[in-house]
Amino acid sequence: MTGWTPAMMWARRGPRLLLLHLLAFRDNNELMKFAQRMFRLGTETAFEVLARARQLESQGRRMVHLQIGEPDFNTPDHIVEAAIKALREGWHHYSPSAGLLPLRQAIAEDVSATRGIAVDPDQVVVTPGGKPIIFFTLLALVEAGDEVIYPNPGFPIYESMIRFTGGTPVPAPLREELDFRMDVDEVLRLISNRTKMIILNSPNNPTGSVLSPSDLERLAAGVSRTGVTLFSDEIYRRIVYEGDAPSIASVRNLQGRTVILDGFSKTYAMTGWRLGYGVFPSAALAAHITRLMVNSNSCTAAFTQLAGIAALKGDQTPCQKMVETFHTRRDRVVQLLNQIPGVSCRAPRGAFYVFPNVSLFGRKSDELAGMLLNEAGVAVLSGAAFGQYGEGFLRLSYATSIELLEEGIGKMADALGKLNRS
Ligand SMILES: Cc1ncc(COP(=O)(O)O)c(C=O)c1O
């Protein structure tokens with residue numbers, strides 16, 4: 001090849017490269033027709049805001065991250081040690097698709113004890129994070145045209161997955177007047193002969209609301225003569241500040257048609273480990289979910305499952321301390337937000353989010369969140385990213401230090417202070 005100049009190389013290879021590029025371009029734009037279902041798929045804005053905040057940071061801008069949906073603590077040591085031990089012992093291979101039996105037994109015992117119901121390990125399926133339980137349950141139960149009632153504002157994946165699986169999402173508004181709890185009477189009025197499922201999420205993301213025992217009793221009474229399945233997302237169940245977050249599965253007669261989603265991400269600060277589970281009302285439904293696992297993930301990583309056993313059976317003190325820290329921060333954040341003229345914020349009872357009302361500024365939540373990110377250097381999420389009933393609100397996560405919370409809310413106050421209010 002000696003003696004070849006770049007110009008000679010290009011003359012020799014250029015036309016072929018150009019043709020390949022043209023073909024690739026045509027493939028992407030004309031030949032590769034994406035399946036229609038892809039246009040029904042939503043997303044989680046939190047990941048997009050994180051990417052934009054990182055981009056601004058790479059340009060030297062200081063950012064305060066209040067968009068994060070995960071504990072800022074590390075996973076407790078004894079759980080990490082259990083995973084390391086498992087790896088050293090050779091847990092490197094495929095494992096049963098429904099999850100390792102000892103973990104499913106530990107989950108069944110834990111759920112039986114905490115919800116006061118009988119659970120058999122055959123009803124439990126372990127997945128990489130809690131999220132697949134939403135997808136798999138909807139895939140297994142919802143037919144095209146079936147209606148699914150879901151909390152709005154709510155975790156955006158519900159609406160995305162309902163649409164993707166062919167169902168019709170029916171939003172149940174969470175209103176500030178009710179401390180963002182579902183209005184049970186309204187939910188019961190939304191039930192039609194097409195309703196297949198009602199999704200509950202308590203404590204709720206993004207509002208931190210917790211359903212009361214009376215809400216659950218009234219809902220149970222209302223659905224008792226329907227064939228509706230209840231899907232109870234309890235991923236924040238252990239992060240509560242006033243009393244407990246009761247489960248609909250504990251309410252008489254409902255265990256037989258309630259799916260519980262829970263997992264290790266939030267309770268044990270294990271978001272990156274990807275370890276969650278579903279508890280299904282029958283072994284038959286669990287078997288269908290397991291087949292979805294076989295077809296998608298094969299199994300959840302074995303060493304993370306052994307860490308999960310250590311989490312459930314080991315010392316719970318680190319989790320309790322984490323919740324106490326969140327409690328202190330919640331009080332401070334609510335106090336600071338309520339001091340900003342034009343902002344009002346209810347004290348959430350669970351999870352690690354606040355959902356302040358910013359409607360007095362007369363701007364769209366998206367616009368306010370964008371302005372705070374780009375101009376004030378505070379990453380928060382627009383309430384509208386959680387559904388149309390989130391318009392007029394912002395979501396802030398207090399899974400970060402008090403110092404950063406004070407800095408971020410201080411910057412927010414300065415930026416909002418420059419806007420007109422109605
Ligand atoms: C309400 C809700 N459900 C489920 C999940 C999914 O949790 P995981 O990270 O275990 O998949 C989240 C995560 O943010 C959530 O907020």
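Counting convention: from 1, in listed order, for ligands and their atoms alike.
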Query raised in the report: Looking only at non-hydrogen atoms, which of Met270, Glu70, Arg274 approaches atom 11 (O) of ligand 1 most closely?
Result: Arg274
Query raised in the report: Heavy-atom contact under 4.0 Å between Asp233 and ligand 1?
Result: yes
Query - Distance from atom 7 (O) of ligand 1 to nearest protein heavy atom, with residue and atom - result: Ile235 CD1, 4.0 Å
Report task. Please answer whether the main-chain N or O of Gly370 pairs with a side-chain N or O of Asn374 as donor and acceptor at a distance below 3.5 Å. Result -> yes
Query raised in the report: Judging by distance only, is a nitrogen or oxygen of Thr271 under 3.5 angstrom from one on ligand 1?
Result: no
Report task. Flag the pair Phe135 / Phe164 as yes when at least one side-chain heavy-atom distance between them is below 4.5 Å, and no otherwise. Result -> yes
Report task. Test side-chain contact (heavy atoms from CB on, under 4.5 Å) on Thr127 and Asn297 and set out the steps. Result -> CA-CA 8 Å; Thr127 45; Asn297 296 287; 6.0 Å; no
Query raised in the report: Does the ring of Tyr353 carry Arg395 above it, NZ/CZ under 6.0 angstrom from centre and within 45° of its axis?
Result: yes
Query - Atom indices of ligand 1 within 4.0 angstrom of Gly129 heavy atoms, with elements - result: 10 (O), 11 (O)
Query raised in the report: Stepwise, does the ring pair (Phe, Tyr, Trp, His ring centres under 6.0 Å) test hold for Phe180 with Phe393?
Result: CA-CA 12 Å; Phe180 301 108; Phe393 297 85; 5.5 Å; yes
Report task. Apply the test salt bridge (Lys or Arg N to Asp or Glu O under 4.0 Å) to residues Lys131 and Glu44: give CA-CA distance (whole Å), side-chain angles for both, the deciding distance (0.1 Å), then the verdict. Result -> CA-CA 12 Å; Lys131 229 179 210 177; Glu44 248 189 284; 2.7 Å; yes
Query raised in the report: Just which atoms of ligand 1 are under 4.0 Å from any heavy atom in Lys131?
Result: 6 (C), 11 (O)
Report task. Would you sort out whether Glu89 and Lys85 count as a salt bridge (Lys or Arg N to Asp or Glu O under 4.0 Å), showing the intermediate values? Result -> CA-CA 6 Å; Glu89 284 174 356; Lys85 182 166 173 277; 3.2 Å; yes
Query - Residue part near ligand 1, for Tyr158, under 4.0 Å between non-hydrogen atoms - result: side chain
Report task. Using a strict cut-off of 4.0 Å, indicate which atoms of ligand 1 neighbour a heavy atom of Asn201. Result -> 1 (C)
Query raised in the report: Is Lys313 salt-bridged to Asp110, cutoff N-O under 4.0 Å?
Result: no
**Report entry** Identity and distance of the protein heavy atom lying nearest atom 13 (C) of ligand 1
**Finding:** Lys266 NZ, 3.0 Å
Requested in this report: Identify the heavy atoms of Ile149 and Ala172 that sit nearest to each other, and give their distance.
Outcome: CG2-CB, 3.8 Å
Report summary line: Of all protein heavy atoms, the one nearest atom 12 (C) of ligand 1 is Phe155 CZ, 3.4 Å
Query - Atoms of ligand 1 close to Tyr236 [distance to a heavy atom under 4.0 angstrom, numbered from 1] - result: 1 (C), 14 (O), 15 (C), 16 (O)
Report summary line: The atoms of ligand 1 lying under 4.0 Å from a heavy atom of Gly130, numbered in the order shown, are 8 (P), 10 (O), 11 (O)
**Report entry** Where ligand 1 meets Ser265 - atom numbers and elements under 4.0 angstrom, heavy-atom basis
**Finding:** 8 (P), 9 (O), 10 (O)
